[in-house]
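Input: a single structure, listed below in C-alpha cells.
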Amino acid sequence: MLNVAIVGAGPYGLSIAAHFRRHDIPYRIFGRPMDSWLAHMPKGMMLKSDGFASNIYDPDREFTLRQFCADRGIKYADTGVPVNLDTFAAYGLAFMQRMAPEVEDRMVEGLDFAPGGFRLRLERGEILRVRQIVLAVGITHFSYVPEALSALGPEFVSHSFDHHEISRFRGQGVVVVGGGASALDLAGLLRDSDAEVQLVARKSSLKFHTGPPKQRSLWKRVRHPQSGLGPGLRSCFFADAPAAFYYIPQALRLHLVRTTLGPSGGWFIRDKVMGRLPLWLGQTIQDAKVKNGKVSLRLHAVDGVEHDISTEHVIAATGYRVDMERLRFLSPEIRARMKSVNGSPVLSPSFESSVPGLFFAGVAAANSFGPVMRFAFGAGFAARTITRAMLNRRAAAPLPAHLADEDAARDDQALEEQSVRS
Ligand SMILES: Cc1cc2nc3c(=O)[nH]c(=O)nc-3n(C[C@H](O)[C@H](O)[C@H](O)COP(=O)(O)OP(=O)(O)OC[C@H]3O[C@@H](n4cnc5c(N)ncnc54)[C@H](O)[C@@H]3O)c2cc1C
C-alpha cells in the first residue's frame, strides 16, 4: 500500500512533495503540473504578489524565484518589479524538475474508502490503495458563475478560469463581469488584444494597489511593515501567523477570510483599464438573454436606473467558492463523512479533515488557516506542517501497513490485478 498520494501539482502540491522527498516520506504525486498558471490565467498577466512572496517552497529554500530569475537572466526584485505569469509558470516547472520530478501528469478520477485507507482511481485506469491523501487541488473545481448568467449556453458565457489564450476575442464584443484582479487583468488584456470589451461590476468604484513607494519612512515601515500579503500589521499577521489564526473563534475566522484582501487590481493594471473601456460600475445583472445571436444583459444600478447592453460573449471573472460537493471525484461516502462549514472542510491544526488520513492544502484550507492559503505564500507553512504530521505518524506507527493488516495486503493484491486488467 502506498503511504501518501498528493493530488495536485501546483505551488502547494509541489512544495509538499519537495518536503516529503527531503524527509524520505514515500509518496506519489498526481495532477497537471502548474495547470492553473499555464492554462487558466490570461496570457500576458502579471502576478499581484511581490517577487519575494511568489515562491514555491523546498525545505532549504534553495530554489526560490529569485534564484530561478538569476539563473535565467530574468529581471527580478523582491518588490516593485511585477512577476510575469510566464516567468512564474516556467519557475514552477523548473522547480518540479529539480525538487519533485516524480509528478505524474494524470488526474485522479475517483477516491473512496478502502480497508486501512483509501482507494484511488487514476485517469487511464490504474487503481491504488493509499494510506493517506493530501488534496492540493487549488482552484480547479471551484469557479463560480452568478445565477443570472448560468442559464446562458457555453458559447455565450464562460468563466475566467476557461481562458488563457485570449487573442481569439480580437474584434469581438466581450463583457467581463467582476471588479477584482481577475476581471481587471482580463479586461485590460482583452483591450490590448483589440476586443470590444466592457466591464460590469457591483462595486461603484474600482480599487487598485498603490505602486511601490521609492522610499518609506521609518514610521511607515513600523506602522505598515511589508508582508507576503502586502503592507500593514493585519496583513503581517495573516501572512506570518497562520498557526495562530487557526485558534481564532470560528465565526470571526470566517468573517476575516471573507472580508480580508477584497477585490482590487495590481497597480500596474490601472493604466490598462482606466479610460480605455466602458465601465458599468455599481451595477448588478438582473437578467441575461440571448437575442438574435447576441447576449443582452439588463443592468440594475444602485440608484434604480436600468440599462440594457449587448455583447457577443460574457466572461464571469467572479471568483471561486470552495465547496466540497463540487469535488465530484470524492465518493459520496467520503463527502458525507467529511465535516464542513460553508462548503470548506473543517481541519485539524495539521490540515487533516474529519476523515482520518485525508488532508487539504491551499484555498480549501483558508477558513482554517486564513487568507494566506489563497496565495502561494502559504505553501511553505502548509508543507512544513503536513510533513511534520506525517513524520509524527510514522514515528508512532512504524509497522508497514501490509504487515500490520493482512486483509489490507490481500486487498492490495486484488487491486493490483484489477489495475492490470483495466
Ligand atoms: C487570475 C488569478 C491570479 C492570481 N494571482 C496570484 C498571485 O499573484 N499570487 C499568488 O500567490 N496567487 C495568485 N492566485 C491564486 C492562485 O490560484 C494560488 O496561489 C495557487 O494556484 C495555489 O496553488 P495550489 O497548488 O493550491 O493550486 P493550483 O495552482 O490551482 O493547482 C491545482 C493542481 O491540482 C490539480 N488537480 C485538480 N484536480 C485534480 C484531480 N482530480 N486529480 C489530480 N490533480 C488535480 C491540477 O491539475 C493542478 O496541478 C491567482 C489566482 C487567479 C485565478
Side-chain angles (χ1 to χ4, degrees), residues 8-19 33-100 136 138-140 164 180-182 184-185 189 208-212 225-232 235-236 238-240 242 260-261 264-269 320 361-363 365-366 369-384:
Y12 278 76
L14 293 174
S15 299
I16 294 165
H19 281 68
M34 294 299 285
D35 186 48
S36 295
W37 306 85
L38 284 166
H40 302 288
M41 296 183 194
K43 207 169 175 174
M45 186 191 102
M46 296 199 261
L47 270 63
K48 216 164 72 161
S49 51
D50 286 319
F52 81 94
S54 304
N55 287 304
I56 305 178
Y57 294 83
D58 63 86
D60 301 318
R61 304 299 313 278
E62 212 179 272
F63 196 45
T64 56
L65 179 65
R66 168 195 282 273
Q67 184 61 50
F68 171 79
C69 289
D71 293 349
R72 305 271 175 116
I74 298 170
K75 189 173 172 197
Y76 170 91
D78 281 345
T79 58
V81 175
V83 179
N84 250 301
L85 177 63
D86 284 352
T87 302
F88 187 69
Y91 164 57
L93 295 180
F95 183 97
M96 176 186 81
Q97 273 155 18
R98 189 154 152 176
M99 298 290 171
I139 54 177
T140 315
H164 175 60
S182 277
L184 297 169
D185 285 341
L189 292 165
F208 297 88
H209 287 190
T210 46
Q226 192 54 260
S227 88
L229 297 181
S235 297
C236 267
F238 295 133
D240 298 332
T260 301
L261 302 172
S264 68
W267 54 270
F268 39 80
I269 201 77
Y320 298 84
V363 65
F369 296 95
V372 69
M373 293 294 132
R374 302 202 301 248
F375 299 89
F377 194 69
F381 170 77
R384 286 190 300 277

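Keep in mind that the numbers below use all heavy atoms, side chains included, and drop hydrogens, waters and symmetry copies.
Taking the side chain as every heavy atom from C-beta outward, L85 and K43 never approach each other to under 4.5 Å. Using a 4.5 Å heavy-atom threshold, the side chains of L229 and T260 count as separate. In this structure, the side chains of S227 and F238 stay at 4.5 Å or more apart for every pair of heavy atoms. Using a 4.5 Å heavy-atom cutoff, the side chains of F95 and D58 are in contact. Under the 4.5 Å side-chain criterion, counting only non-hydrogen atoms from C-beta, F377 is in contact with D240. A 4.5 Å side-chain heavy-atom check between F375 and P11 finds every atom pair outside the cut-off.
A donor-acceptor pair under 3.5 Å links the side-chain atoms of H164 to the main chain of M41, judged by distance alone. The backbone N or O of F52 lies less than 3.5 Å from a partner atom in the side chain of Y76, making a donor-acceptor pair. N55 contributes no side-chain N or O that, together with a main-chain N or O of Y57, makes up a donor-acceptor pair within less than 3.5 Å.
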- Task: Go through the steps for Y91 and F63 under the test ring pair (Phe, Tyr, Trp, His ring centres under 6.0 Å), then give the verdict.
- Result: CA-CA 9 Å; Y91 164 57; F63 196 45; 5.7 Å; yes
- Task: Take D185 and K48, measure what side chain to side chain contact (heavy atoms under 4.5 Å, CB included) needs, and give me the verdict at the end.
- Result: CA-CA 10 Å; D185 285 341; K48 216 164 72 161; over 6 Å; no
- Task: Under the side chain to side chain contact (heavy atoms under 4.5 Å, CB included) rule, what do L14 and M34 come out as? Steps first, then yes or no, please.
- Result: CA-CA 9 Å; L14 293 174; M34 294 299 285; 4.0 Å; yes
- Begin with the C-alpha distance, continue with both residues' side-chain angles, and end with the deciding distance and a verdict on side chain to side chain contact (heavy atoms under 4.5 Å, CB included) for Y12 and M373. CA-CA 9 Å; Y12 278 76; M373 293 294 132; 3.9 Å; yes
- Task: Would you sort out whether R384 and H19 count as a side chain to side chain contact (heavy atoms under 4.5 Å, CB included), showing the intermediate values?
- Result: CA-CA 7 Å; R384 286 190 300 277; H19 281 68; 3.8 Å; yes
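Between L65 and G51, the closest heavy-atom pair is CD2-O, 3.8 Å. Nearest approach of T87 to F68, heavy atoms of both residues: O-CE2, 3.7 Å. Contact record, A361 with A382: CB-CB, 4.4 Å, taken as the closest heavy-atom pair. Counting all heavy atoms, side chain and backbone alike, V83 lies closest to S54 at CG2-OG, 4.5 Å. Between P82 and F268, the shortest heavy-atom contact is CG-CD2, 3.6 Å. Across all non-hydrogen atoms, the minimal contact from I56 to S15 is CG2-OG, 3.3 Å.
Atoms CE and CD1, on M46 and I269 in that order, are 6.5 Å from each other to the nearest 0.5 Å. Note that the CH2 atom of W37 and the CG atom of D86 stand 12.5 Å from one another [nearest 0.5 Å].
When D50, D71, D78 are each tested for a salt bridge (Lys or Arg N to Asp or Glu O under 4.0 Å) with R66, only one passes: D78.
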